[in-house]
Amino acid sequence: MTESAPPHTPSTIAILLAGGLGTRAGFETPKQLAMLGGKPVLRWSLDAFAGHGAISGGVLVARDDVVAAVGALPDGWISALPGEERQVSVANALAALGDRPDDIIVLVHDAARPGVDGAVIDRLLGALADGAEAAIPTLPVPDTLVEQTGGTAGAVVDRSALARVQTPQAFRLGTLRRAHAAADGAPATDDAQLGRRIGAEVVAVAGDARLHKLTYADDLAILSGLLGTDVKTRTAVGMGYDVHRLVAGKPLWIGGLEIAHSHGLEGHSDADVALHALTDAILGALGDGDIGDHFPPTDAQWRGAASHRFLAFAAGRVAARGGRIEHVDLTIVAEAPKIGPHRAAIRARIADILALRVAQVSVKATTTERLGFTGRREGIAAQAVATLQLPEN
Ligand code: MG
């Protein structure tokens with residue numbers, strides 16, 4: 001790739017951060033490997049940098065399994081391991097770059113923004129060619145902004161003085177090194193903040209709507225539209241049903257929450273009947289077996305396991321398939337305890353585990369009028385329906 005860079009352009013390299021996406025979104029399958037328009041999310045940024053004539057190589061900061069799954073690295077690329085915090089990941093990449101000269105340009109980019117475009121890179125490199133020490137892409141704030149405390153809206157904030165910050169962010173390597181050395185672990189959500197702390201002038205260039213960040217499962221559909229991937233999808237519906245026995249003196253887990261009660265549910269894991277039904281509904285829509293296939297009760301490692309892991313696993317299978325969860329609907333069948341007071345919290349918890357909006361999650365509860373095993377308080381049942389959009393392929 002180096003031969004295509006004009007002679008007056010100093011070497012430019014990219015640092016691509018793909019370390020923390022999975023855990024942040026509550027997905028068990030790393031979201032940077034979710035399929036978008038026929039290739040993993042991470043591959044979009046990698047291909048965009050590799051295809052830009054001024055960029056001679058880079059450092060992919062990701063776990064070894066992610067590096068292995070994304071396919072061959074482009075020429076001039078190496079990998080480095082991520083840290084717990086974003087800043088540690090950048091520091092690891094800087095270390096991997098060894099003694100490269102301070103005047104080369106480095107672009108730091110979050111793989112959660114797959115829509116990297118050559119024009120944005122050109123604007124950033126242009127700002128540095130004009131003498132800036134650092135440059136970042138920004139977009140205006142289209143919405144009215146207010147101060148807010150709890151549920152009460154307060155004074156309007158002047159949005160004309162505010163901007164949304166994207167990546168990639170461009171620096172002279174020496175500036176980035178000094179910024180990270182001076183930060184000494186003090187937290188920052190991006191690198192430009194660290195640059196400003198050492199007095200570097202950060203120039204803002206026009207950002208790009210296609211640099212939309214992948215945060216929620218829905219963002220894959222938004223990105224698909226923004227990037228014109230035009231994936232044909234089909235609707236798939238799955239159902240799940242589960243029952244667990246109530247026994248005295250056990251903690252009661254329902255819908256990912258511990259609920260105070262005289263009895264708890266018996267089972268190999270935490271026996272969260274609601275999350276089990278939901279997990280099976282999602283696996284059912286995928287045609288991907290059931291919860292027992294993936295987490296056999298004969299396997300000691302699932303003893304007492306928190307069931308949100310099973311549900312996040314199912315959501316990860318959807319993302320890995322390039323699909324998304326449109327809606328889940330859960331009915332909990334219990335005589336006692338009363339589920340009603342916990343419904344809102346269970347709904348919020350499930351939305352959090354699945355990285356969905358609360359509006360995409362429904363939680364209902366019923367009794368069986370004292371009839372049957374649920375009516376006699378011998379057990380609790382749950383049933384669930386999941387609606388997915390899956391790629392046609
Ligand atoms: Mg179960």
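Here the rule is side-chain hydrogen bond (donor to acceptor under 3.5 Å, both in side chains) with Asp191, and of Gln87, Arg196, Arg86 only Arg86 fits it.
In this structure, Leu330 CG and Ile339 CD1 are separated by 9.5 Å, a value rounded to the nearest 0.5 Å.
Looking at Asp122 and His52, their side chains do bring a donor and an acceptor atom within 3.5 Å of each other. For the residue pair Gln193 / Thr189, a side-chain donor-acceptor distance below 3.5 Å is found, with atom types taken as modelled. With 3.5 Å as the limit, one finds no donor-acceptor pair spanning the side chains of Thr387 and His327. Side chains of Gln166 and Thr138: no donor on one and acceptor on the other come within 3.5 Å.
Tracing side-chain contacts under 4.5 Å through hydrophobic residues (I, L, V, M, F, W, Y), one reaches Leu311 starting from Leu286; they form part of the same cluster. In this structure, Leu36 is a member of the same hydrophobic cluster as Leu214, with clusters built from ILVMFWY side-chain heavy atoms closer than 4.5 Å. Put simply, Val202 and Leu128 are part of two different groups of oily side chains (I, L, V, M, F, W, Y) that touch within less than 4.5 Å, one to the next. Val106 and Ile104 fall within a single hydrophobic cluster, where Ile, Leu, Val, Met, Phe, Trp and Tyr side chains are chained together by heavy-atom contacts under 4.5 Å. Transitive grouping of hydrophobic side chains (ILVMFWY, heavy atoms separated by less than 4.5 Å) brings Leu388 and Val361 into a common cluster.
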Contacts table for residues 240-257: side-chain donor-acceptor under 3.5 angstrom, sequence neighbours left out:
residue : atom : partner : partner atom : Å
Asp242  : OD2  : His244  : NE2          : 3.1
Asp242  : OD2  : His276  : ND1          : 3.2
His244  : ND1  : Glu266  : O            : 2.8
His244  : NE2  : His276  : ND1          : 3.3
Lys250  : NZ   : Leu265  : O            : 3.2

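Between Gln360 and Ile325, every side-chain heavy-atom pair lies at or beyond the 4.5 Å cut-off. Side-chain contact between Leu356 and Ile350 is absent, with no heavy atoms from C-beta onward closer than 4.5 Å. Looking at heavy atoms from C-beta onward, Pro40 lies in side-chain contact with Met35 at the 4.5 angstrom threshold. Using a 4.5 Å heavy-atom threshold, the side chains of Leu124 and Pro168 count as touching. At least one side-chain heavy atom of Trp44 sits less than 4.5 Å from a side-chain heavy atom of Leu227. In this structure, the side chains of Ile332 and Lys364 stay at 4.5 Å or more apart for every pair of heavy atoms. Side chains of Trp77 and Val59 form no contact here, defined as non-hydrogen atoms less than 4.5 Å apart. Leu97 is listed as a side-chain neighbour of Ile15, based on a closest heavy-atom distance under 4.5 Å.
Proximity of a side-chain donor or acceptor of Glu335 to a complementary backbone N or O of Arg377 within less than 3.5 Å is not detected. At distances below 3.5 Å, at least one donor-acceptor pair connects side-chain atoms of Arg123 with backbone N or O atoms of Ala206. Side-chain atoms of Asn92 come within 3.5 Å of backbone atoms of Leu81 as a donor-acceptor pair (strictly under, hydrogens ignored). Checking side-chain atoms of Asp288 against main-chain N and O of Leu283 turns up no donor-acceptor pair under 3.5 Å. Asp352 places no side-chain N or O within 3.5 Å of a backbone atom of Ala348 that could act as its donor or acceptor partner. Listed for the Arg164 side chain is a donor-acceptor partner under 3.5 Å among the backbone atoms of Pro140. Using a distance-only test at 3.5 Å, with no hydrogens or angles considered, no donor-acceptor pair links the side chain of Arg172 to the main chain of Glu133. No side-chain donor-acceptor contact under 3.5 Å links Arg347 to the backbone of Ser362. In this structure, the side chain of Lys31 does not engage the main chain of Ala320 through any donor-acceptor pair within 3.5 Å. Looking at Asp299, its side chain never comes within 3.5 Å of a backbone N or O of Pro296 through a donor-acceptor pair.
Listed here is the closest heavy atom pair of Ile13 and Arg100: CG2-NH1, 3.6 Å. Nearest approach of Ala14 to Ile55, heavy atoms of both residues: N-CG2, 4.3 Å. Nearest heavy atom pair, residue Asp102 against residue Arg177, reads OD1-NH1, 2.6 Å. For Ser89 against Gly83, the heavy-atom pair with the smallest separation is OG-N, 3.0 Å. Across every non-hydrogen atom of Val146 and Ala153, the tightest pair is CG2-CB, 4.1 Å. Across Thr12 and Ala54, no two heavy atoms sit closer than the pair CB-O, 3.4 Å.
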Chi angles and distances behind the side-chain contact (heavy atoms from CB on, under 4.5 Å) call for Leu211, Leu139: CA-CA 10 Å; Leu211 283 167; Leu139 285 179; over 6 Å; no
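Each ring pair (Phe, Tyr, Trp, His ring centres under 6.0 Å) pair with one or both residues in residues 149-203, not counting sequence neighbours, would appear here, but there are none.
Asp110 and Lys213 are not joined by a salt bridge, as no carboxylate oxygen comes within less than 4.0 angstrom of a charged side-chain nitrogen. Taking the charged nitrogens against the carboxylate oxygens, Asp218 and Arg324 do have a contact shorter than 4.0 Å, which makes a salt bridge.
For the ring pair (Phe, Tyr, Trp, His ring centres under 6.0 Å) test, residues two or more places apart in sequence or in another chain that qualify with His294 are Phe313.
Glu201 CD: 12 or fewer foreign heavy atoms inside a 6.0 Å radius.
Between Phe295 and His268, the ring centre distance reaches or exceeds 6.0 Å.
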